[in-house]
Colleague: 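Here you go, one structure.
Predicted, not measured: the structure shown is a model, and the values here were computed from it.
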Protein chains: 2
Amino acid sequence: MTKNDPAQASGRRADILERATEAFVSHGYAGTSMADLARAIGIQKASLYHHFRSKESLFVACVTEGYDGAVRRLEAIRSDDAISDPARIRAAMEEIYRINLTTPVGRMAPLIAEIAATIPEVAQAFHSGFIARHYATVTGMIEDGIARGSFAHVDPLGMQHLIFGPVITLALSREMTASFPDRDALYPVDRIRETHIGLILRLLTGKGSADGS
Amino acid sequence: MTKNDPAQASGRRADILERATEAFVSHGYAGTSMADLARAIGIQKASLYHHFRSKESLFVACVTEGYDGAVRRLEAIRSDDAISDPARIRAAMEEIYRINLTTPVGRMAPLIAEIAATIPEVAQAFHSGFIARHYATVTGMIEDGIARGSFAHVDPLGMQHLIFGPVITLALSREMTASFPDRDALYPVDRIRETHIGLILRLLTGKGSADGS
DNA sequence: GTCTATATTTCGATAGAC
DNA sequence: GTCTATCGAAATATAGAC
């Protein structure tokens, strides 16, 4: 463990972002101090300021550099024309569950809500760069399916909320109950995901009028 | 504005709890200082410590004393046997939307997730006192309807997530976009609620197998 | 029960050696 | 690029007058 290891330094920025994001989503922005972050990363607090000039700029980097891969993967699923429309919706929902339950970016929504009043630009960037694009991709899949005659004439906005809402809330519920011994019994991911996907596909492929107006 | 107004002092505790809850849900636990709270209430910081011996105990009171009314109203809807099963579900969902979008207790979930690691007892109390009871009440309504033959044989756990998920996520999304000029166009509450209720009732009263297994 | 004043700790951020 | 040492501001909490 030398002091100036170049191999460590090269991936340092990515390492900081990864651990900082994990800490921010676990304890909130205000609840995470630079000393906490330095401890989690294993360097001194002053060294953090060599890579990022302030806590806010580090946080902004966590938010704006964390979601690119997630957005691209979902867009790739939409473009995949080797599968049927229902299979595409299933693949998209499995990816949405994966993102929101196993990666930090999926648990960033409460974090953004916390600082939206103080740093509105971050909320804007996260919403237009991640949320809106995720929503638009799924809405597009549904509209594609309707145009091809695979799906009933559902309201895409309503379906969007029915698809994302339970996933984001499940991630929040599991974060909230992380310390409970019976968390997996209270919120069984696999069972909830499969039931959810089944119900969505039933609404999309089912007969009859599906809009609530 | 006298210094020792008894009329003010009598309702002081409730006043503190109300304004503190609003501040906590807006800026998070760590993001809200005792000075912030004192300013919002219009008293001095030291006076807060006359009513609550610490920030943590004030926060615990906000969480544990905030949800009683909400739980009782939803349970009253379940017990109301003057209406049909679908009408009861509709009334319950309208109440769930009202709670989560217009009262602070409905926006407490991210707050609990933030401090769950530091004060696990609060997460336990909130989950068993509010979340679990809200869930159980709705699940009960669905099971009642199935038993009476009003509803199809859906999976109550899956329906529970499909009912609460979109509402809680909508509250979070609107909190996140509170500063956006186009928030009401991005997240139009009335339209989303009506579509949501319509889709849930379609799943509950529709024909065919409804479980995803 | 509310106030002013202050003790004590922790925070974000900087200076300067190596 | 990382470190030790430290600054000034802001945090939680307390002391004691009225």
Colleague: Sequence neighbours left out, what pairs pass side-chain hydrogen bond (donor to acceptor under 3.5 Å, both in side chains) with at least one residue falling in residues 29-43 of chain B?
Modeller: B/Ser33-B/Asp36, B/Asp36-B/Arg39
Colleague: Roughly, in whole Å, what's the span from CG in B/Leu48 to P in D/dA13?
Modeller: 11 Å
Colleague: Report yes if at least one side-chain N or O of B/Ser47 is closer than 4.0 Å to OP1 or OP2 of C/dC3; otherwise report no.
Modeller: yes
Colleague: Residues in ring pair (Phe, Tyr, Trp, His ring centres under 6.0 Å) with A/Tyr135, at least two apart?
Modeller: A/Phe164
Colleague: Mind checking whether A/Glu194 and A/Arg90 have side chains closer than 4.5 Å, heavy atoms only?
Modeller: yes
Colleague: When the axes are fitted on five pairs at both termini, how much does the helix from C/dG1-D/dC18 to C/dC18-D/dG1 curve, in 10° steps?
Modeller: 0°
Colleague: The criterion is ring pair (Phe, Tyr, Trp, His ring centres under 6.0 Å); which residues satisfy it with A/Phe151, sequence neighbours excluded?
Modeller: none
Colleague: Produce a footprint string for nucleotides 10-15 of chain C: one letter per nucleotide, 5' end first; B if the base is under 4.0 Å from any protein heavy atom, S if only the sugar-phosphate is, - if neither.
Modeller: -SBBBB
Colleague: Going by side chain to side chain donor-acceptor pair (under 3.5 Å), name the residues that satisfy it together with B/Asp190, two or more places apart in sequence or in a different chain.
Modeller: B/Arg193
Colleague: Starting at CG of B/Leu58 and ending at C1' of D/dA13, how long is that distance when rounded to a whole Å?
Modeller: 14 Å
Colleague: Considering only side-chain heavy atoms of A/Gln44, which listed nucleotide, C/dT2, D/dT4, C/dT4, is closest?
Modeller: D/dT4
Colleague: Can you name the ring pair (Phe, Tyr, Trp, His ring centres under 6.0 Å) partners of A/Tyr97, sequence neighbours left out?
Modeller: A/His196
Colleague: What is the distance from NE2 of A/His50 to P of C/dG16, rounded to the nearest Å?
Modeller: 18 Å
Colleague: Distance check needed: D/dT4 P versus A/Ile43 CD1, whole Å only.
Modeller: 12 Å
Colleague: Test: side-chain hydrogen bond (donor to acceptor under 3.5 Å, both in side chains). Region: residues 61-72 of chain B. Which pairs qualify, not counting sequence neighbours?
Modeller: B/Arg13-B/Glu65
Colleague: Can you sort out the partners of A/His127 under ring pair (Phe, Tyr, Trp, His ring centres under 6.0 Å), two or more places apart, ordered by chain and number?
Modeller: B/Phe180, B/Tyr187
Colleague: What's the CD1-P distance between B/Ile41 and C/dG1, to the nearest Å?
Modeller: 15 Å
